[in-house]
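Okay, so here's the structure we're looking at.
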Amino acid sequence: MTELPGQPELSEVNGLNQQNDLDALDDLPEFETMYLEVQPRLDGSRPNVDEVLALFRERRIVGVAVSGSRFGLDTPVIAKVAVTMASDAPVVLEVSDTGDLMPGRFTGDACQSLADALNAVVVADEYVQYSPGAYTPGPSQSNDSPDDREPEFIELDPRRQSIEQPPGFPNEWRVSPHKLNSRGIVFVSGASEFTAEAIAHDTGTVVRSAEIAGGRLIGLPRGVVELPVEPTDDSRMPVVLFAQAGEAKYVHLVLGKGKKRLRMTVANLPHFSSELVDQEGGPAALLLGLITQPGLVAGPVQFDHPAFPYALLPAYERLTDPANTHAFFGEVAELLGIPPEVSQCADSGCELPSTGLREHDGDVAPRKRGWFRR
């Protein structure tokens, strides 16, 4: 399960900066969000967002949904439901007739019910798979009554859940990494080829790089949205990744090394949709408003780092607003002091310029002592 919000240390600049908002959050029950991946049906048809939202509304489940394609995923629908604990068991939160929040069904039963109703496989929490019509006998070992059955789930490779990304990385890109259709580039200051060689070695592919004002521009393989563990051989030189998948855009800055390394991310992501609007302004509406926001990997933000890009802070809320997606790469590049050619390349499909093109073989380790492939 993924806790909200993603980067609480940025709360003073991400729209939750009014005391009334913070007081209202204190009144909400303890909750986490659980991601659901709704897969294509066996006949090839694809469930859609409206179908999933209709089921949430019918069952009064606090849930939101978005088309996977908006995040560059082949998964038809990505959904989130709010989960809390009741009698030491995880249950979905539901909405009462008055708009209040109350504990609902056991999460396994809720997921199985969705899989049955959609006639599609549902993967919950990144690694638990529920299939339509898949049940096991209940405690009495009898299949005579539908009420005496338990959902049969399959645990997928748990490594899907253990992938580590930096604070600020979109949770939606963690959900189905093997289905992510992304494009990206990396800018590194100076003429060193280490970063390009490290990316090639890390991904096991041939990577191309090109000369650009003040450094090199490196093309990332499709589906790769991360930097190597050691992204550069010169800690004084910043490395900046620009990536896009669907409508989701992401910039990641790395500077320094070891404990003195700065990592900073900014993401412009689509919002989820919800149709449960009972008692507008009540706790259920507030919680739904929270989880319609895309999730970010939680973690500390190094505000005290001497190289922290403070110019980003006043613009953070605007930069992360989906209404500003058209200008996102350009504005972030300008605030980070990155050459405009980099953001222009990111906005135009990440096609490298033809100047000084080179290829870097994934079978060759980067030329630095102590390199370890992750």
Side-chain angles (χ1 to χ4, degrees), residues 1-17 21-22 25 28 31-37 63-66 68 70-73 75 78-83 125-126 160-177 180 182 184 224-227 240-254 261-274 286-303 305 308-309 312-313 315-325 328-329 331-332 335-336:
M1 298 178 190
T2 304
E3 297 182 1
L4 258 71
Q7 277 186 268
E9 291 80 1
L10 288 179
S11 61
E12 64 268 32
V13 291
N14 72 358
L16 293 176
N17 56 353
D21 294 330
L22 297 175
L25 292 180
L28 292 177
F31 75 95
E32 296 182 344
T33 53
M34 181 172 69
Y35 279 84
L36 305 177
E37 306 164 50
V64 296
V66 69
R70 297 190 67 189
F71 282 91
L73 296 166
T75 306
I78 301 296
K80 290 190 288 185
V81 294
V83 174
D125 209 14
E126 300 185 40
R160 296 180 89 220
Q161 201 182 40
S162 63
I163 301 171
E164 293 184 4
Q165 280 96 9
F169 188 89
N171 275 322
E172 288 72 22
W173 283 357
R174 288 165 48 95
V175 170
S176 299
L180 181 63
S182 65
V224 175
V225 285
E226 298 172 88
L227 290 171
V240 189
L241 179 155
F242 290 70
Q244 179 169 357
E247 301 168 32
K249 297 181 179 180
Y250 172 74
V251 176
H252 180 53
L253 163 71
V254 178
R261 174 171 289 167
L262 169 67
R263 288 185 177 271
M264 174 69 192
T265 65
V266 187
N268 187 290
L269 310 172
H271 286 185
F272 286 64
S273 297
S274 168
L286 176 60
L287 181 50
L288 279 165
L290 281 175
I291 66 174
T292 56
Q293 306 288 325
L296 301 175
V297 172
V301 180
Q302 298 161 282
F303 287 113
H305 195 284
F308 185 87
L312 280 172
L313 294 183
Y316 182 84
E317 185 174 359
R318 178 172 49 81
L319 290 172
T320 58
D321 186 345
N324 188 48
T325 185
F328 175 72
F329 284 142
E331 292 192 38
V332 174
L335 289 168
L336 293 179

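Computed over heavy atoms, backbone and side chain alike; hydrogens, waters and symmetry mates excluded.
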Open item on the list: Run the side chain to side chain contact (heavy atoms under 4.5 Å, CB included) test on T75 and V175 for me, step by step, so that the C-alpha distance in whole Å, both residues' side-chain angles and the decisive distance to 0.1 Å come before the verdict.
Closed with: CA-CA 9 Å; T75 306; V175 170; 5.9 Å; no
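Ring geometry for W173 versus Y250: interplanar angle over 60°, hence perpendicular rather than tilted (30 to 60°).
To the nearest 0.5 angstrom, L290 atom CG is 7.5 Å from T292 atom OG1. The NE2 atom of H271 sits 4.0 Å away from atom CD of Q293, with the distance rounded to the nearest 0.5 Å. Put simply, CG on L253 and CZ on R263 are 9.5 Å apart, with the number rounded to the nearest 0.5 Å. Here the straight-line distance linking atom CZ of F303 with atom CG of L313 works out to 5.5 Å at 0.5 Å rounding.
Checking side-chain atoms of N171 against main-chain N and O of P294 turns up no donor-acceptor pair under 3.5 Å. In this structure, the side chain of K249 does not engage the main chain of F328 through any donor-acceptor pair within 3.5 Å. A donor-acceptor pair is defined here as one N or O able to donate and one able to accept, closer than 3.5 Å; no such pair exists between the side chain of N268 and the backbone of A248. For Q165 (side chain) and P167 (main-chain N/O), no donor-acceptor pair under 3.5 Å exists by modelled atom type.
Here the closest non-hydrogen pair linking I78 and G68 is CG1-CA, 4.1 Å. Summarising the geometry of A82 relative to I291, their closest heavy-atom pair is N-CD1, 4.4 Å, with the distance given to 0.1 Å. Residues T325 and E247 share a closest heavy-atom pair of OG1-O, 4.0 Å. Closest heavy-atom contact between Q302 and L262: OE1-CA, 3.5 Å. Nearest heavy-atom pair across L296 and G168 is CD2-O, 3.3 Å. V266 and T320 get closest at one heavy-atom pair: CG1-CG2, 4.1 Å.
Checked against V251 for a side-chain contact (heavy atoms from CB on, under 4.5 Å), the options T265, L335, L336 give a single hit: L336.
Residues F169 and H252 are not in side-chain contact: their nearest non-hydrogen atoms beyond the backbone lie 4.5 Å or more apart. V66 places none of its side-chain heavy atoms less than 4.5 Å from the side chain of E172.
Residues satisfying the ring pair (Phe, Tyr, Trp, His ring centres under 6.0 Å) criterion with F242, sequence neighbours excluded, are F329. Listed by chain and number, the residues in a side chain to side chain donor-acceptor pair (under 3.5 Å) with H305 amount to none (sequence neighbours excluded).
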